[in-house]
> 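This is the structure I have questions about; it appears just below.
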2 protein chains.
Amino acid sequence: MSRYLKQTRYLVAVDSIIFGFDGENLKLLLIHRGLKPEKGRWSLMGGFIQPEEDLEKAADRILHELTGLKGVYLEQLYAFGNVHRDPTERTISVAYFSLIDIHQYEKQLSDEYHAEWVLLSEIPDLIFDHTEMVELAKKKLRYKAAIHPILFELLPEKFTIPQLQNLYEAVYDASFDKRNFSRKVLSTGLLVKQKEKDKGGSKKGAFYYQLDKGSYADKMQAFLNFIPNPDNLLI
Amino acid sequence: MSRYLKQTRYLVAVDSIIFGFDGENLKLLLIHRGLKPEKGRWSLMGGFIQPEEDLEKAADRILHELTGLKGVYLEQLYAFGNVHRDPTERTISVAYFSLIDIHQYEKQLSDEYHAEWVLLSEIPDLIFDHTEMVELAKKKLRYKAAIHPILFELLPEKFTIPQLQNLYEAVYDASFDKRNFSRKVLSTGLLVKQKEKDKGGSKKGAFYYQLDKGSYADKMQAFLNFIPNPDNLLI
DNA sequence: AAAATAAGTGTTATTTAGACACGAATAACA
DNA sequence: TGTTATTCGTGTCTAAATAACACTTATTTT
């Protein structure tokens, strides 16, 4: 039934930039390639799309294979299609990035892939154009998080304001005034205060908060200007 | 040299959403498909990528073929890869959108493609998932223009403040106070006042302005909050 | 009981946004 | 040639948002 007879076909892959936060640092989930070519080198998790599989679904599958997680935040980043990006054979790769709570990640299946969390500030050499993909993903994360409340995806369901601030400070490699920060974040109406405190972080303990799932969906688009002086922070 | 033996290969296309502005209305450049399948129906301009052609280059080529223009604003929008989006054969399409000054467009080559400018508010049925592509491009245009000074790409080199305001009003389907608008746009430091006036638009005439190319590159990222109450306008 | 630590909160000054109205320049026309 | 119609161009004031700033509270440790 193929009617586009004279055209060349190409491999199409999906690669995933998976960000995680451990309460302290931002990390990236990488694998040690077990297969040739480039065996033994660091790489993003990826795979070829299958004949009956939508792009999004392929990204979902790959994420699931590596982390065992389903239903996590996943967003298309960019299609990379330089002719020689994979020296073996021309492959167009659609990169996705996702945000997961690092503590939800169980190392179940990861041995199969030799997956490891790596500090975002200490990313090793990666194969192909994966470094470029990661750089773009970092940029987009900063960009988007300045405008939309997506960083909650990196936290557990219950989190404290200081934890949230740590996360923002890690993403922007900056520090914010905690009075202004908490006022701003609470004024969004997105957070619901819990009765329990997290006693782990300090002697006094900090109250847990939870996302108001209802308004979260609504306000996804209404979070502009979250970061002061974004001009200085966005690349 | 192909080592990924067991994988399926796919067609990869590029489709272009080409926006233009005629001083009054926003328009989209569409073609009447001359080839089967779907001959005679409206479509975005597109084509398959060639073996030695980067993605970006393919988008550039297609734009050039249709409009005769080179070096225009071109940005990757999204990769569309649903299994059955092209019923003939599975094709992954990477969509690009571009912004051109409609008056720079000469209908040189367009007869070959039966290209036509169509009002953005009156877009006909399009083949495949092209309607979805256009919707996403509209959304991204609004989104991005609220934050970055990209709409200048739709204007001639010299333009007046009222013309610029018309453009913003067309993009956001809203009207803005001209005093606040001009104060805001001039405060960016992006515009250089010219000595001549445009006498076409009014009896009094309006001064031309030109982009300060130097600061344009710098301030591409520093144009946040250009649109009042963006919450109401961004989808 | 004193000290150490991190949480939580309020005030003020500055900046920015948004609402608002009139004079100036020119062409068309009476 | 004076009057009218049209659009350009500008200034002020009020309200809201931002950012800078410091102390008290709760609790554990010593």
Side-chain angles (χ1 to χ4, degrees), chain A residues 23-24 146-147 155 158-170 172 174-210 219 222-234, chain B residues 23-24 146-147 155 158-170 172 174-210 219 222-234:
Chain A
E24 184 99 12
I147 298 182
L155 291 171
K158 292 178 182 179
F159 52 85
T160 67
I161 305 283
Q163 280 167 12
L164 184 63
Q165 184 167 353
N166 279 346
L167 171 55
Y168 272 88
E169 294 185 339
Y172 291 101
S175 56
F176 305 118
D177 182 277
K178 67 175 175 173
R179 290 160 292 189
N180 293 336
F181 183 88
S182 89
R183 176 154 21 89
K184 212 164 182 176
V185 79
L186 291 174
S187 77
T188 62
L190 280 175
L191 301 190
V192 182
K193 193 172 187 171
Q194 306 299 114
K195 281 169 189 154
E196 323 92 73
K197 279 185 167 183
D198 164 44
K199 310 289 282 187
S202 74
K203 290 163 184 173
K204 185 177 176 182
F207 281 102
Y208 280 118
Y209 284 80
Q210 236 184 308
K219 295 185 182 162
F223 206 66
L224 298 167
N225 295 112
F226 193 75
I227 298 302
N229 302 316
D231 300 3
N232 307 329
L233 298 168
L234 307 177
Chain B
E24 185 98 11
I147 297 182
L155 291 172
K158 291 178 182 180
F159 52 86
T160 67
I161 306 281
Q163 280 167 13
L164 183 63
Q165 183 167 354
N166 279 347
L167 172 54
Y168 272 88
E169 294 185 339
Y172 292 101
S175 57
F176 305 117
D177 182 277
K178 67 174 175 173
R179 290 159 292 188
N180 294 336
F181 183 88
S182 90
R183 176 156 22 90
K184 213 164 181 177
V185 79
L186 291 174
S187 77
T188 62
L190 280 174
L191 301 189
V192 182
K193 193 172 187 172
Q194 306 300 114
K195 280 169 190 154
E196 323 91 71
K197 278 185 167 184
D198 164 45
K199 309 289 281 186
S202 74
K203 290 164 182 172
K204 183 177 176 182
F207 280 102
Y208 280 117
Y209 285 80
Q210 234 183 309
K219 295 185 183 162
F223 207 65
L224 299 168
N225 296 112
F226 193 74
I227 298 301
N229 302 317
D231 300 4
N232 307 329
L233 298 169
L234 308 177

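Letters go in sequence order (proteins before strands), and every chain restarts at 1.
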> Given side chains that start at C-beta, do those of F207(A) and I161(A) come closer than 4.5 Å, heavy atoms only?
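Side chain of F207(A) against side chain of I161(A), heavy atoms only: no contact under 4.5 Å found.
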> Side chain of Q210(A), backbone of L191(A): donor and acceptor closer than 3.5 Å?
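Answer holds: no.
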> Please report the distance, rounded to the nearest Å, between CG in L164(A) and C1' in dG8(C).
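After rounding, the reported distance stands at 15 Å.
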> Start with the C-alpha gap between F181(A) and Y168(A), add the side-chain angles, then the distance that decides, and say whether ring pair (Phe, Tyr, Trp, His ring centres under 6.0 Å) holds.
CA-CA 10 Å; F181(A) 183 88; Y168(A) 272 88; 5.6 Å; yes
> Tell me: CG of L186(B) to P of dG11(D), nearest whole Å?
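After rounding, the gap between these two atoms is 12 Å.
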> Under 30°, 30 to 60°, or over 60°: which ring-plane class applies to F176(B) and Y172(B), parallel, tilted or perpendicular?
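The arrangement is perpendicular - the two ring planes meet at more than 60°.
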> Does some side-chain heavy atom of V185(A) sit less than 4.5 Å from a side-chain heavy atom of L190(A)?
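Counting from C-beta outward, L190(A) and V185(A) never come under 4.5 Å.
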> Could you tell me how far apart D198(B) (CG) and dA25(C) (C1') are, to the nearest whole angstrom?
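In whole Å, dA25(C) C1' and D198(B) CG are 14 Å from each other.
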> Side-chain contact, heavy-atom cut-off 4.5 Å: T160(A) with Q165(A)?
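Heavy-atom side-chain distance check fails, nothing below 4.5 Å.
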> How many whole angstroms separate atom CZ of F181(A) from atom C1' of dA6(C)?
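It is 16 Å, rounded to the nearest whole Å.
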> In Watson-Crick or G-U wobble terms, both distances under 3.5 Å, what is the partner of dT11(C)?
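Its partner is dA20(D) (Watson-Crick or G-U wobble, both distances under 3.5 Å).
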> Rounded to the Å, how far apart are K184(A) NZ and dA16(D) C1'?
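It works out to 13 Å between those atoms.
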> Using a 4.0 Å cut-off on protein heavy atoms (strictly under), produce a 5'-to-3' string for nucleotides 21-30 of chain D with B for base contact, S for backbone-only sugar-phosphate contact, and - for none.
BB--BBBB--
